[in-house]
There are 2 protein chains.
Amino acid sequence: MTPRSTRPTGKRATILDVAAAAGVSRQTVTRAMNDMAGISPDTRQRVQKIAAELGYTPSRFAKGLVQGARVSVGLAIPDLTNPYFPAFASSVVEAATGRGWNVVVDDYGHGTGSAADAAARLAPQVDALIGYLAPHADEAQALMGRRPVVALDSPGAGTAGSISFDYHHAARLALAHLASRGCTNIAFLDSDQGAPAGSRSAAAAAVALESGVQLTRFQAASSAAAAKAAVGVLAAGGRPVDGILAFNDLMAAGALKALQASGRAVPGDCAVIGMDGIPLGELLTPELTTLALDLRAVGRAAVGLLEGLLSGSLTEGSAEAHLILRHELVVRQSA
Amino acid sequence: MTPRSTRPTGKRATILDVAAAAGVSRQTVTRAMNDMAGISPDTRQRVQKIAAELGYTPSRFAKGLVQGARVSVGLAIPDLTNPYFPAFASSVVEAATGRGWNVVVDDYGHGTGSAADAAARLAPQVDALIGYLAPHADEAQALMGRRPVVALDSPGAGTAGSISFDYHHAARLALAHLASRGCTNIAFLDSDQGAPAGSRSAAAAAVALESGVQLTRFQAASSAAAAKAAVGVLAAGGRPVDGILAFNDLMAAGALKALQASGRAVPGDCAVIGMDGIPLGELLTPELTTLALDLRAVGRAAVGLLEGLLSGSLTEGSAEAHLILRHELVVRQSA
DNA sequence: TGGGGCAACGTGAACGTTCACGCAGCTGCT
DNA sequence: AGCAGCTGCGTGAACGTTCACGTTGCCCCA
């Protein structure tokens, strides 16, 4: 039917197939497809039409091989289901798209995957890597070789760049606020995932000590359901907690639900502070007081670091390549 | 310092640099790097060490050129900030990762971008495309040529595959439930984005007619804040609405907030039904009654369609390539 | 009438891998 | 002694593009 030229029907069309079908050379096809000069309007149209008919699509590999590659960055995320991460991912994608880069996302939360698996999958495909990689950030950097890795919330890792958070500062803000509300028996609801769990509760404990606040720590998986269950147990037994600081807003939401389910008023009987500052917090009842991060700034910073590292204007491991960001207390209704 | 061989310091190391430094041939380096047979353990180790020292990383372009490409699929999303989309994206990423594919994500919601922009960015980079592309699905398919596109919620588009939703069915479920609760003056809070806005409100209107329910339709942007504002206006004037069906859970959450802010009880004074069934709904107070989609199934289905289309076991445009999924009513507290 | 210049098109080379061979040298069996 | 077979390694070719030149034909002006 359609004149398929000599192409063996089944393999994809190459530039040579188009050239043959149009009776021109490779280069002329290139000129037509890429809107380059040095070709007559007639020929251009004719070639484009034939290319479309043949279903010709230039090979991104051949193109990448001969032209310098377009930067593509890997984004390793533990769980797109936790609203914190899409909020972060969104800002990374935005910043990357603005630079003409593209982003390959890997969510290693499904099944039993670890950050190391994600890094292994991404490494052969990308020029740089951003991610919540703890506790496998070093392994990820090894897999990437010279190519830069920016690790989030993974302090002390040997990656080219990193962004960490000042949990001492966060704990100070939160505990001071809870104390000023009259809370005396405060619980720190930590996540059992990621690396710096130890550092976080250590920070919270240290700050509690200096400010003379009674602080107990307990752990749960980083989800609303797990937090709910944990707080349910907590609320049931012993001396009642009158303030909860959660490791993220999702866990705080779960805590809220559990408290309400057990008939305790928030913030009346127990105040709750979250962490992250995701939009979810404003939708809850009561609206969530939280330690907010400027999430768009975090994504921008990560991509900015990568840009510096890739261009060489930032040397890997240098002080400027390791940012420490601070949370800000946003007081709403829950505390 | 380190013996950099003849490599011009600055260009990236190639397989030839490694071969020269190790005093072996290209092929032996290949054998060492890819754990192939036909090489002595000693040589393998030596070559791997030298490769690491030189920071050698095989070019994914050269590799892709000579071996059949690893499938990479584009995922075009309007707004990662709306929790529906990460939930969907998460299941797509999971299904794709399971097949050894990788996923390039483009969020075209930032700035003034449209689905067409996202498709244009992704087209040169991927072998297939999944996305909420309305109303530019046809354009996206054109950009992709023969490569398959699976469009979501974009019925009637000329894409190779599609997944649509039965809004008549959804409207029937919701309106019947609201009617059974005694609601008589119901509002449909539609989104002003995407293509099938018309079809959705048409479906709702049709169903309202058959069931003899009074239905007014109003529109807002697809965010909690916009929904809040819209409902605020609605609640202020005229005859009070006693039931709201929102286009998605995020808008429903906004509606909830607005109603409560204006002192109206939910569901006492006004019932609210959302759409999507994202986890957020369970965290709200009252918990959100919603028309739920099995989101993981949607992602699996999209990737499954793509697999069929890529392998040729599914012919593009055939009936089996166009799925229609149904929502299920999950009754919680808000209606 | 010669030739400078431009428009339109073609050709060798290069990008960095892997594939499919080929070729030594050694081992062990008949 | 002869040779098949294995181990370990090397070489030409191919993948599909673009870059940097060449080459042709034609117009126009001195």
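Chain identifiers are assigned alphabetically (A, B, ...) following the order of the sequence lines, protein sequences preceding nucleic acid strands; residue numbering begins at 1 within each chain. Atoms considered below: every heavy atom in the structure, side chains included; atoms not considered: hydrogens, waters and symmetry mates. Since this is a predicted model, take the numbers as computed values, not measurements.
Relative to the side chain of Arg26(B), the nucleotides dT17(D), dT17(C), dT11(C) differ in distance, and dT17(C) lies closest. With distances taken from any side-chain atom of Gln27(B) to the nucleotides dC19(C), dT18(D), dG10(C), the minimum falls on dC19(C). Counting only heavy atoms from C-beta on, Ser59(B) has its side chain closest to dG16(C) among dG16(C), dT11(D), dG16(D). Distances from the side chain of Ser40(A) to the nucleotides dG10(D), dG10(C), dA8(C) place dA8(C) closest. Which of dT17(D), dC15(D), dG10(C) sits closest to the side chain of Tyr56(A) comes down to dT17(D).
Between the CE atom of Met36(B) and the C1' atom of dG8(D) there is a distance of 13 Å, rounded to whole Å. As rounded to whole Å, 16 Å separates atom P of dG16(C) from atom CZ of Phe61(A). Distance CZ (Arg70(B)) to C1' (dT17(C)): 17 Å, rounded to an integer number of Å. In this structure, the CG atom of Asp42(A) is 14 Å from the C1' atom of dC9(C), given to the nearest Å. Protein atom CG of Asp17(B) is 9 Å distant from nucleotide atom P of dG16(C), rounded to whole Å. Rounding to whole angstrom units, CG of residue Leu65(B) and C1' of dC15(D) are separated by 4 Å. Atom CG of Leu16(B) is separated from atom C1' of dT18(C) by 13 Å (rounded to the nearest Å). One atom, CE of Met33(B), and another, P of dG16(C), lie 15 Å apart when rounded to the nearest Å.
Between Arg70(B) and Asp127(B) there is no salt bridge, since no side-chain nitrogen of the basic residue lies less than 4.0 Å from a carboxylate oxygen of the acidic one. Between Arg12(A) and Asp17(A), none of the side-chain N atoms (NZ, or NE/NH1/NH2) sits under 4.0 Å from a carboxylate O, so this pair counts as no salt bridge.
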Subject >> Check against side chain to side chain donor-acceptor pair (under 3.5 Å), Ser40(A) and Thr43(A) >> reply: CA-CA 5 Å; Ser40(A) 77; Thr43(A) 314; 2.6 Å; yes

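Between Val66(B) and Val24(B), the residue anchored closer to the 5' end of DNA chain D is Val24(B), taking for each the nucleotide with the nearest heavy atom. Nearest-nucleotide positions on DNA chain C place Gly23(A) closer to the 5' end than the other of Gly23(A) and Thr57(B).
Not a single donor-acceptor contact under 3.5 angstrom links the side-chain atoms of Arg60(B) to the base of dG16(C). Applying the 3.5 Å distance criterion, the base of dG10(C) shares a donor-acceptor pair with the side chain of Arg31(A). Gln67(A) contributes no side-chain N or O that forms a donor-acceptor pair with the base of dC19(D) under 3.5 Å.
Heavy atoms of Thr30(B) sit under 4.0 angstrom from at least one base atom.
Close to dT18(D), at under 4.0 Å from its OP1 or OP2, lies a side-chain N or O of Lys63(A). Neither OP1 nor OP2 of dG8(D) sits under 4.0 Å from any side-chain N or O of Thr28(B). Residue Thr14(B) places no side-chain N or O under 4.0 Å from the OP1 or OP2 atom of dC15(C).
Sequence neighbours left out, the pairs with a member in residues 300-311 of chain A that pass side chain to side chain donor-acceptor pair (under 3.5 Å) are Arg99(A)-Glu307(A), Ser311(A)-Ser313(A).
How far CG of Leu75(A) is from CD1 of Ile130(A): 6.5 Å, rounded to the nearest 0.5 Å.
Glu316(A) CD: 12 or fewer foreign heavy atoms inside a 6.0 Å radius.
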